[in-house]
Structures are given as C-alpha cells and as structure tokens.
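First up is the structure itself, then whatever we jot down about it.
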Amino acid sequence: MEPQQGNGYGSEAGGDQGGEHPLLAMLNAEQKQAVLHTEGPVLVLAGAGSGKTRVITHRIAWLISELGVFPWQILAMTFTNKAAGEMRERVAHAVGDSASQLWLGTFHSVGVRLLRQLAGYVGLQPTFSIYDTDDQQRVIVRVMKALGVSEATHKPKMFASYIDRAKNRCMGPHDPRLKELAVSAFDKKALSVYQAYEKEMRLANAVDFGDLIMLPAQALASDPNVCHNLAQRFRYVLVDEFQDTNFAQFELLKYLTSVHGNLCVVGDDDQSIYSWRGAEVGNILGFPKMFDGAEVIKLERNYRSTETILRASTAVVSRNTTRHGKVLWTDRGLGDPITLHVAASDRDEADWVARQIDRRQHETSLGEFAVFYRTNACSRVLEDSLRRFRLPYVLIGGMKFYERAEVKDALAWCRLLVNQDDSAAWMRAVGSPRRGIGDTTIEAVQKHASQIERSLPAAAQDLVRLGGAGRAAEKLKTFHDLVERLREEIEPMRADQAGARILEASGLKKALQEDKDPDAADRLENLQQLLAAMGEHADSADDPGLRSFLETVALVSDVDKLSDAQARVSLMTMHSAKGLEFDVAFVVGLEEGLLPHANVLGGTAEREADPRDLEEERRLFYVAMTRARKKLHLSHARLRRRFDGREMPSEPSRFLQAVPRDLVQIDDAGHGFRSASSWGSSWGQPARSSSSAAPARPTWGAPAGPGNRAAQATGAWSTGNPLAGRGTAHHDDDVPAIDRSEGEAGFQVGGKALHVRFGTGKILDIAGYGGEAQLTVQFPGVGIKKIVARFLKPA
DNA sequence: GACGTGGCCGTTTTT
DNA sequence: CGGCCACGTC
C-alpha cells in the first residue's frame, strides 16, 4: 500500500551510513526516531505519504528481532483488514513466520477477539452474534412498536445514530450521564428505545458494531484484575489512523496500556474524515496531554507524490484553521501539471475520465488508475462510461456480495446454528425457504418472547410446548427439530462442509434450483461462491469453523477486496480512498452541493451550517488529492443529473479556488488546453492578466496564456449561462459505440456458452463488461437464464 | 400465508 | 430512475 521509498533515498537520508542495522537503514531520521523510541507514549504525526506504514512495520520488526519481544505481546490496530494484512505480510518479511502470532487487526476485529474472552463480564455467551446495521434497524423498529413510538414521527435511523453515538462515547443504556442529558423529548424517547434495544440484543446474545469496542472497555473497567493481566500481556500497543478513533476506542486503549503506557499512535489530523461516525480529532490533538511525557514526532517528508500534487493539496488544506500544521516536502520534482476538466454534463465528465484512461493505459497499468467521488451514487455514470470503453474496473462500496438476499439467507441459517438465540437470524431463516410460517406466526412468537423475556427461537419453542402456536405449531416444531439436528451435525465440521450441509438441509439450495426466475441461476452460483469463501477461510484461518467464518464476514470492509494483482480501474468514494495510493487519480464531481456536500452547507431548516463540517469536507478533498503519485485530474460538470432524472446546473466547488493556478492546466469542454498562468483568486472576477480578450465569465475565467492551443473558451460556457451547454460536446467521435454483439472473453451474441449445470446454450444477449457481464442464455430443456459471465465458458 | 402491483421515498460518508 | 414497503388478491 505504501510506496517503496524513492530512488536513491537510502543513501541521501539523514546519516544512514553503511553497517547500520538493515531495519533502520531505509529510514530517515524522524522515522528512525519513531522506531527506536519504544518505551512510553509516542505520537507520530505522519503527513500523507510520509511512510507511516513503514514506521509501524519496522517498529514491530524491531521490537521482535532486536528487543526480543514475543509477537503475541504486540497489539497493532489498523483501519481496514487490507491494511492489517499488508502490515502482517511486511512484518513477516522481516521476522518470518512468527508474525502470524501478532495481535494485528482492525479495532473491531480485535474487539471481537477480546469480547470472546470477556463475554461473561458483560452478560454474553461466547457464541454471540454480530448484528449488522440491517439487523440493528429491525430490532429498533420492533422496539419502537413495542414502546408505541410512531415510525412516522421518528425515523429508526435517528435512534440508530443516537445509540451509536452513546456507544462511541462508551455510555451504556443505563449510564447516569445519559439520563442527565435526556432533557429534550426526543432524547428521552431515544434513551428508552436504547434501553429496550439493549435488552433485546442481550436476549438474542447479539452485539452491534459499537458494542465491539464499548463492551470490552466496560469489561476491563469492571474488573481491574483482568484489565491488569491483559495490559501486562500486551507490552506494546500500536495504532494506525489514530485521527479516526473515537472516545470508546481511546478508552479501550487506556485500559490496554494501563500497566506500561507503551502506546504508539500514528495519524494525521489533516486526514480526519470520520467525525460523523464518532471520531474525535481531540484524541490526536490532545494526545500529549492525555499521555504525559509523550514523544511527538512529525513526519513531513513525502515519498509519494510529485511536488505539484503536494503543493496543490497543501494549499487546499491550509485553509483549515484547526490543525496541527505540518509542512510537507518532497524532492521528487514538479512532475505533470494538475488537469482541471470542465465538462458539460456528468455524463461527459465520465466519458472524459474513460477516454483519458483509455489513452494512457499503454503507459500505465489499469490498476494504477483510480476515480474518487463524494457519494456512491456518482459511480453509476462512471461505470457506464468505463463499460462503453471496455475498461475493466472494480467498484468499492455499492451493493456488496454479503448483502445479497440469498447470501444473507444462508448466513442467517449459519448464525442461528452457531448462536441458538440469534433472533434476527431466526426470523430470516424461518421464512426462507418458505415453509408456511408467516407474519401472523412470527408476531405471535414475538409477543410471547417479550412476555417471557426470552429470545425469539426460545420463545417459539416455548410457544409450541404450551400449545399456543395454533396451526403453525407443527411447522414450528419441524423447523426447530431440523435446526437442532443440524446444529449437532455440523458441530465438528469445517466451515465449508458445514455450509454445504446447511444449504442442503435447509432447503435453500433446492428452492433456488426449482425457482423459475431467470436470476435464480445467478443466486445459486452466489451460494456456490459463498461455499468457496468458506473453504478458503477454513484452509487459511487459525480456526476453520463456521463461527470464525461468520466473524470475519461481519467485519470485512469493501476495500479489503482490492487486490494489487488485478489490472482494473478502481472506483470508490473519497472516504474509501484513505490509506490507498495510485499513479493516476481522478477526483470528479467537484461541485458545490457535492463537495462540500449540501448537507453541511446548511440553508435547510434541519441543520445550521457548521464550519467544522466544512473543514472536514475540505480534508476529504485533501485526502483524495494526496492519493495520486504522478498525475492528478480534477473535474466538475456544469450540469448534473439528479436521482429523480432532472438535470440541474451546478457550480464549481469552492475548494477549487484554493488550488494554485500555476499548477493547473484547464481542459475545457471545447477540447482545448489553456494553462492557467493567471488564475483568478475568486469567482466572478476576471483574472488579473494582461491578456486582452478574456471574456467575463463567472467561473474559471482564466484567460489564455501565451503559447496555448484553443485559446478561447468557446460557445456555451464563455457566455456564463450554465444551461447553454446542454446537449453539446458529447465527443461522440471518441466514444466507441455500444456494441453488444461481442462480449469479452470470447462470448458472442448468437454464439454458444457452456454452464456446469445447464450444459451448452445459445447466447441471446450480453449486457455489461467482463466477468460481471450479464449473459442471457437459452439452454435446451432448461429455458432462458440470465447468468453472470464468470460462471460461463464460451463453447 | 404467498405472491403481485402500485405508490412513495430518497442519496453523505462506513467499521 | 430504482428500491422498498404497504396493500390488495388468490
């Protein structure tokens, strides 16, 4: 993830003469200091691309190989599983196999591991389930109904966010502080929802994401002995992306380091972009105060980007008032100018991105291109364009594999088998496949469950015993017996064996096989993929069992699927981009309302504009810009299609004003390049340039500098009328026509395709690109099926 | 109890 | 425009 540090760097950086330890030889003076200062609290303020991953991995390696610390005495926490994996790999490179014994993972995965051991302290069984936001939402809705809180007046989301916020601050449902704070009518209601919610969660032996941090912290708070033992066991604790930790995480860290205080945190206040989910920049800003005598080390040398990119991004983020203030520098040279493209529409913008990538793909591998945008919804146009240009891509975010209905059904069965009290899983499993148990029965079970204060599965069984389940009793009993039998059967199995057995015995597989829906074949294949994932897990993980598989599934993030091996363009939100880097980056949709997002601009009755939110949006832009190594493209469109289909005029983002004009080449919709030698300092003012013929435009009014082609902006957009550009500049000559007659990998409409189960069939249609393309195939004796290309072979 | 259709609502970012 | 939910029919 982090780059190899620059050419010739080793020899020129501060005094690493020959004979120095190999772990230190590649480090500059500050990095070295961060590695060697092992005892006590250390704060490393690491600018973007300053080699912080290198510092962490070398520090771990140093502790193990030089100080003789056992790997299991080291606890390191990262932001994503991908980062953790890479870190482990790099440590293994230096110290060998023992790296596998490191406690290294995301905060949440470490939280689970701790909680499995500490479950008893907080009233959980070690088999507890992890509810995702969907399950969480359902519980909230149920609780709201029970409390008589109308869904019309209060959205479940508001309570979810209340609960999250409380947990991020380490406040349980009966925390006296919450009671004190509950003065408004909403807060009072929210608190009662929180309390009822928590009760349901405990009955179901389930936890949510917030619990994974809060509960271990509370367990350690409740028992000084356990806390002491644990803090003694972990002699060294390291935290990456510290600027994005919340209060509860900080609390947990304090407990874990209470014996020795050997805590090394690495972060960048300029890259703090998660305050909305509870991150406290105060953690990093106040670290030296919290940990007395903390060593503060600044890493200001950037090894990633060109000077142009560095200067531009620094200029942007410097406009923020609340920051530590670092001065990043590089000796890489200016490199390519930043390109600013002004597109007529979002569609044109996407086509422009695709065209740029298409033109450069011979010099730069497709895996080195990334496109960043503010909201997930922006990905759609980009996908369309990339498909039309036949450029393969990975979409990070969006609809995930584990969110598909059939996969969730299968996982619900798995969860119910592991945790017999998992109410959410029970609700899902009992109705899939259909077995004649419907809403009426489920409601009766829910009612009974709250009466006897048990989980849904337990209440269902009790209801049957009491004979109160009516005509559904027999069905409930059959279901229950099946689950019990299956639970026993899969107990000793590996995850994939168990999975296969579950798909069989639950009837999920059979139901899909008999399904007439053309998409059924795909769903079946997805289940096959799920089994494959289980097999992979069973082969590689310490614990090959189903429970351990479910745990990893609950905590995977989408960036984890990014692999360096794939030559594909990466598409993701600016948030997902953090921690990654690419040779060429496109930051698109730089428009008022998108970045900064309309929701932070205020103007709506709901919320006042908060300058801190605006600063966070600016940091988001900074993060996106600093992902680029060699070339940065920025763009905005003058018209953007909204979700309802209407095209709305949009203004360039205010953040663009801060980009120094001498670093930017403007590429306007009229195909021309104009170097922005005299960039206007604010919108609506003609640039201060000696050039005469500058049309007075409200935006991007830089007049032509000397020596430029296509000196004048043409037509629509020199008039300053944002609507005038409609329908122009579609660059049809550059866009390959949509051609569905011939797909990738040898598929062809009219040709044949081979499927493992359905045999050979005739291809009727191809939609999409590459492995994800949807093929409509007619199989003799089977019928017409829609199947994703990767499940087919050309025949 | 299962399944189909129409209306409505919505998009910030995610472990 | 598209996904989700509520309501209606079989």
Side-chain angles (χ1 to χ4, degrees), chain A residues 77-84 105-112 130-134 136-137 141 151-152 155-157 160-161 164 167-168 207-214 241 244-246 248-249 272-279 372-381 396-400 403 405 430-443 470-472 475 511 515-517 551-560 572-579 589 593-601 607 613 616-617 619-621 623-624 640-647:
Chain A
M77 281 172 284
T78 60
F79 198 67
T80 64
N81 292 299
K82 182 182 194 293
T106 62
F107 253 104
H108 288 86
S109 68
V110 169
V112 177
I130 301 165
Y131 276 18
D132 61 19
T133 43
D134 219 56
Q136 185 186 34
Q137 188 112 340
V141 170
E151 256 191 83
K155 288 182 185 151
K157 266 195 174 165
S161 115
D164 268 356
K167 291 188 176 180
N168 286 337
V207 299
D208 58 29
F209 283 125
D211 286 332
L212 294 178
I213 311 297
M214 179 181 80
E241 308 280 15
D244 288 321
T245 53
N246 60 37
Q249 288 166 329
S272 160
I273 53 173
Y274 282 103
S275 72
W276 50 272
R277 85 175 191 206
F372 307 131
Y373 37 81
R374 177 66 233 267
T375 70
N376 278 307
C378 296
S379 71
R380 193 157 242 136
V381 235
I396 308 298
M399 171 77 155
K400 292 157 206 142
E403 282 170 15
V430 86
S432 53
R434 295 264 153 230
R435 47 172 33 82
I437 298 170
D439 297 346
T440 330
T441 311
I442 291 184
E443 259 168 54
R471 60 190 65 217
K475 289 165 183 160
D515 196 331
K516 295 276 184 297
D517 191 309
E551 199 164 279
T552 30
V553 163
L555 300 175
V556 285
S557 73
D558 223 39
V559 285
D560 297 338
M572 70 190 84
T573 63
M574 300 183 196
H575 281 91
S576 296
K578 196 178 63 156
L594 261 180
L595 187 80
H597 196 271
N599 283 9
V600 308
L601 291 177
R607 218 174 299 143
D613 288 341
E616 181 150 318
E617 296 284 305
R619 288 194 293 269
L620 198 50
F621 186 31
V623 167
R640 188 161 292 271
R641 191 177 294 275
R642 299 190 331 165
F643 58 87
D644 62 0
R646 291 229 62 81
E647 277 196 324

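A, B, ... follow the sequence lines: proteins, then strands. Residue 1 opens every chain.
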Provide the closest heavy-atom pair for [X] versus [Y] in the form atom of the first, atom of the second, distance.
X: A/G593; Y: A/L601; result: N-CD1, 4.1 Å
X: A/D208; Y: A/Q136; result: OD2-NE2, 3.5 Å
X: A/A511; Y: A/P433; result: CB-CB, 3.8 Å
X: A/L594; Y: A/T375; result: CD2-CG2, 4.1 Å

(request) Kindly say if A/T133 contacts the phosphate of B/dT14, meaning a side-chain N or O under 4.0 Å from OP1 or OP2. (result) no

(message) Please tell me if A/T573 has a side-chain N or O lying less than 4.0 Å from either OP1 or OP2 of B/dT12.
(response) no

Whether the side chain of [X] engages the backbone of [Y] through a donor-acceptor N/O pair (distance < 3.5 Å, no angle test) should be reported.
X: A/Y373; Y: A/M572; answer: yes
X: A/E616; Y: A/S275; answer: yes
X: A/N81; Y: A/L555; answer: yes

I need the [atom1]-[atom2] distance between [X] and [N], as an integer number of Å.
X: A/F209; N: B/dT15; atom1: CZ; atom2: C1'; answer: 6 Å
X: A/Q249; N: B/dT15; atom1: CD; atom2: P; answer: 13 Å
X: A/I396; N: B/dT13; atom1: CD1; atom2: P; answer: 15 Å
X: A/Y373; N: B/dT12; atom1: OH; atom2: P; answer: 16 Å
X: A/F79; N: B/dT13; atom1: CZ; atom2: P; answer: 15 Å
X: A/E403; N: C/dC4; atom1: CD; atom2: C1'; answer: 15 Å
X: A/M572; N: B/dT13; atom1: CE; atom2: P; answer: 15 Å
X: A/N81; N: B/dT14; atom1: CG; atom2: C1'; answer: 13 Å

(request) Could you list the residues that satisfy salt bridge (Lys or Arg N to Asp or Glu O under 4.0 Å) with A/D164, not counting sequence neighbours? (result) none

(message) Check this for me: A/R435, atom CZ, are more than 12 non-hydrogen atoms of other residues, nucleotides or ligands nearer than 6.0 Å?
(response) yes

When you compare the protein's N or O atoms with those of nucleotides 7-10 of chain C, which come within less than 3.5 Å of each other, and at what distance?
none

(message) Is the shortest side-chain heavy-atom distance between A/I213 and A/F107 below 4.5 Å?
(response) yes

All N/O pairs under 3.5 Å across the protein-nucleotides 1-11 of chain B interface:
| from | atom 1 | to | atom 2 | distance (Å) |
| --- | --- | --- | --- | --- |
| B/dG1 | OP1 | A/T441 | OG1 | 2.8 |
| B/dG1 | OP2 | A/T440 | OG1 | 2.0 |
| B/dA2 | OP1 | A/G436 | N | 3.3 |
| B/dA2 | OP2 | A/R434 | NH1 | 3.4 |
| B/dG10 | OP1 | A/K155 | NZ | 3.3 |

(request) Please work out if A/F107 contacts a base, only the sugar-phosphate, or nothing of the nucleic acid, heavy-atom cut-off 4.0 Å. (result) nothing

(request) With sequence neighbours excluded, tell me which residues meet side chain to side chain contact (heavy atoms under 4.5 Å, CB included) with A/R434. (result) none

(message) Using the side chain to side chain contact (heavy atoms under 4.5 Å, CB included) criterion, which residues pair with A/Y274? Sequence neighbours excluded.
(response) A/F79, A/D244, A/W276, A/R277, A/A279, A/H575, A/K578

(request) For C/dC4 versus B/dT13, give the span between their C1' atoms, rounded off to a whole number of Å. (result) 22 Å

(message) Under 5.5 Å centre to centre and under 30° between planes: does that hold for A/W276 and the six-membered base ring of B/dT13?
(response) yes

(request) State the dot-bracket string of DNA chain C. Criteria: Watson-Crick or G-U wobble, both atom distances under 3.5 angstrom; notation: ( ) intrastrand, [ ] crossing earlier pairs, | interstrand, . unpaired. (result) ||||||||||

(request) Can you check whether any acceptor in the base of B/dT13 is under 3.5 Å from a donor in the side chain of A/R374, or vice versa? (result) yes

